[in-house]
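I have placed the structure first, in the form of structure tokens, so that the comments after it can refer back to it.
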Amino acid sequence: MRLAILDSGHGFGAKVLFAIIRAVSRQPTPEVVKLIMYRPDFFGAHMKAVTHEAMRGPSAWSVGDRELMAAFVSKINACEFCVKTHSAVSARAYRDQAKVSAALSDPDTAAIEEPLRATLGLLGKLTRENAVSADDMRAALAAGASRQQIEDALAVCFAFNTMNRLADAFGFFVPGPEAFEAGAKFLLARGYR
Amino acid sequence: MSDIRQARKALVARILEGEGVASHAQRRAAFDNAAIAESLSTLIEKVASHAHTVTDADIAATRASGLSEDQIFEIVVCAALGQATRQYDTALAALDAAIGKG
């Protein structure tokens, strides 16, 4: 973590919570938790509300689909911490690690539904080029994604284009695979609230 | 269906208009990736356009220019949210255009 305040500038309550997380998970406190808990009135509390709604709010997309979108956007942004976090949650939600690995390495050839494939392509272009056209939207609609599904996917894209930037700018420590498994278990059970 | 509109609006209003240790002008400029003091423009541009290339030295240079860690925290948050917001708004406009023409 590049800012000492994000590592150790928290109040007493947050520090107690971090100790509980370490004891229960037997893993270091995830750095994303440290970010969200730092001056939560400025950013973290509001960002949690946005992220929880995008990832766990009512949607025609499953939790596995949305976690896959999060991992995919993170991959385009080259954010290792977020790719590992959300591919682990997606694999756990789908109960299918192979599907997640295939979709992340090449959504065009992976065995996934057409609306999801088209939507991943759309989010990939938006993340890479910072823009998409009406024709791109028509292609996703023609592939079977509804208007509401596209809006829901754009909400996921917004949340992770924000968090990827923060993870990389603040330099989140990337722990070993056991830590991401523990994190995935928690995020699947509790969401982002 | 999931609806982030209100929560997103509250988030952006808070970071730009609420209390902070970076000035409102600094936070707005970071959000907009707009012209600002040279000591900050490198970091803001990197956060907006290729955050995975931010280095310890980028943060150290910003600290050396006299900004506190809390100011840097706020400015980086604003830069990240600004870029994500521009993407989101552009995509929703494209979706409206696609549905409208129909």
Side-chain angles (χ1 to χ4, degrees), chain A residues 2-6 9 38-39 41-43 46-47 49-61 66 77-80 122-123 126-127 130-138 140-141 147-152 154-171, chain B residues 1-15 18-21 43-44 46-56 58-60 62-63 68-70 72-74 76-102:
Chain A
R2 295 191 173 113
L3 294 177
I5 49 169
L6 296 181
Y38 184 71
R39 289 176 53 199
D41 164 65
F42 182 77
F43 171 69
H46 304 280
M47 191 68 207
V50 171
T51 308
H52 188 81
E53 179 66 15
M55 301 303 281
R56 298 292 184 269
S59 177
W61 298 116
R66 285 179 274 175
N77 282 326
C79 180
E80 184 186 4
L122 188 71
L123 301 189
L126 180 59
T127 300
N130 296 303
V132 285
S133 66
D135 282 343
D136 295 324
M137 290 297 177
R138 286 189 197 99
L141 291 161
R147 180 193 181 126
Q148 188 62 53
Q149 279 182 304
I150 293 175
E151 284 192 24
D152 293 355
L154 293 176
V156 175
C157 197
F158 170 80
F160 287 90
N161 269 293
T162 301
M163 291 306 297
N164 292 164
R165 284 174 170 74
L166 298 181
D168 282 333
F170 293 136
Chain B
M1 297 294 106
S2 77
D3 186 356
I4 65 163
R5 273 173 291 187
Q6 284 203 341
R8 205 182 64 84
K9 209 172 148 191
L11 168 62
V12 171
R14 171 62 189 92
I15 58 143
E19 279 185 30
V21 292
L43 179 62
I44 290 170
K46 276 194 174 183
V47 172
S49 302
H50 32 88
H52 65 284
T53 66
V54 171
T55 63
D56 294 355
D58 292 324
I59 300 287
T62 314
R63 284 283 285 131
S68 70
E69 288 207 346
D70 272 302
I72 296 171
F73 162 68
E74 293 178 5
V76 169
V77 164
C78 290
L81 276 167
Q83 188 66 26
T85 296
R86 282 186 290 280
Q87 293 175 348
Y88 184 72
D89 289 346
T90 300
L92 284 181
L95 183 57
D96 280 343
I99 302 269
K101 286 174 190 170

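What's counted below: heavy atoms across the whole structure, side chains too, no hydrogens, waters or symmetry copies. Note on naming: letters A, B, ... go to the chains in the order of the sequence lines (proteins, then strands), and numbering restarts at 1 for each one.
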Give the intermediate values and the outcome of side chain to side chain contact (heavy atoms under 4.5 Å, CB included) for residues B:L11 and A:M47.
CA-CA 7 Å; B:L11 168 62; A:M47 191 68 207; 3.7 Å; yes
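- Both the backbone and the side chain of A:Y38 come within contact range of chain B, with heavy atoms under 4.5 Å apart.
- Residue B:E74 touches chain A through both its backbone and its side chain, counting heavy-atom pairs closer than 4.5 Å.
- A pairwise comparison of heavy atoms in B:I59 and A:A169 identifies CD1-O, 4.0 Å as the closest pair.
- Residues B:D56 and A:R2 approach most closely at OD1-NE, 2.6 Å, considering heavy atoms.
- In this structure, the portions of A:D41 lying under 4.5 Å from any heavy atom of chain B include both its backbone and its side chain.
- Side chains of A:N161 and B:Q83: no donor on one and acceptor on the other come within 3.5 Å.
- The minimum heavy-atom distance between A:R39 and B:V21, with the atom names listed, is NH1-CG2, 4.1 Å.
- When heavy atoms are compared at a cutoff of 4.5 Å, B:I15 approaches chain A by way of both its backbone and its side chain.
- Note that the CD atom of A:E53 and the CG atom of B:D3 stand 6.5 Å from one another [nearest 0.5 Å].
- Counting only heavy atoms from C-beta outward, the side chains of A:N77 and B:H52 never approach each other to under 4.5 Å.
- Using a 4.5 Å cut-off between heavy atoms, B:A48 touches chain A through its backbone atoms (N, CA, C, O) alone.
- Both the backbone and the side chain of A:N130 come within contact range of chain B, with heavy atoms under 4.5 Å apart.
- Residue contact with chain B, scored on non-hydrogen atoms closer than 4.5 Å, is absent for A:A140.
- The distance from the CD1 atom of B:I4 to the CD atom of A:E151 is 9.5 Å, given to the nearest 0.5 Å.
- In this view, B:E69 satisfies the salt bridge (charged side-chain N to carboxylate O under 4.0 Å, His left out) rule with no residue, not counting sequence neighbours.
- Rounding to the nearest 0.5 Å places CG of A:L141 at 5.0 Å from CD1 of B:I99.
- The distance from the OG1 atom of B:T90 to the CG atom of A:L154 is 10.5 Å, given to the nearest 0.5 Å.
- Residue B:T53: no heavy atom, backbone or side chain, is found under 4.5 Å from chain A.
- Classification of the A:F158-B:Y88 ring pair by plane angle, with boundaries at 30° and 60°, yields tilted.
- Heavy-atom distances place both the backbone and the side chain of B:D70 under 4.5 Å from chain A.
- A distance of 4.5 Å separates CZ of A:F42 from SG of B:C78, quoted to the nearest 0.5 Å.
- Shown here for A:R138 and B:A98, the closest heavy-atom pair between the two residues is CG-CB, 3.8 Å.
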Run the side chain to side chain contact (heavy atoms under 4.5 Å, CB included) test on B:K9 and A:V50 for me, step by step, so that the C-alpha distance in whole Å, both residues' side-chain angles and the decisive distance to 0.1 Å come before the verdict.
CA-CA 10 Å; B:K9 209 172 148 191; A:V50 171; over 6 Å; no
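- Interface remark: of the candidates A:A4, A:G171, A:A49, A:A4 forms the most heavy-atom pairs closer than 4.5 Å to chain B.
- Residues A:R165 and B:V77 fail the side-chain proximity criterion, which asks for heavy atoms closer than 4.5 Å.
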Between A:D168 and B:V54, is the side chain to side chain contact (heavy atoms under 4.5 Å, CB included) condition met? List the steps.
CA-CA 7 Å; A:D168 282 333; B:V54 171; 6.0 Å; no
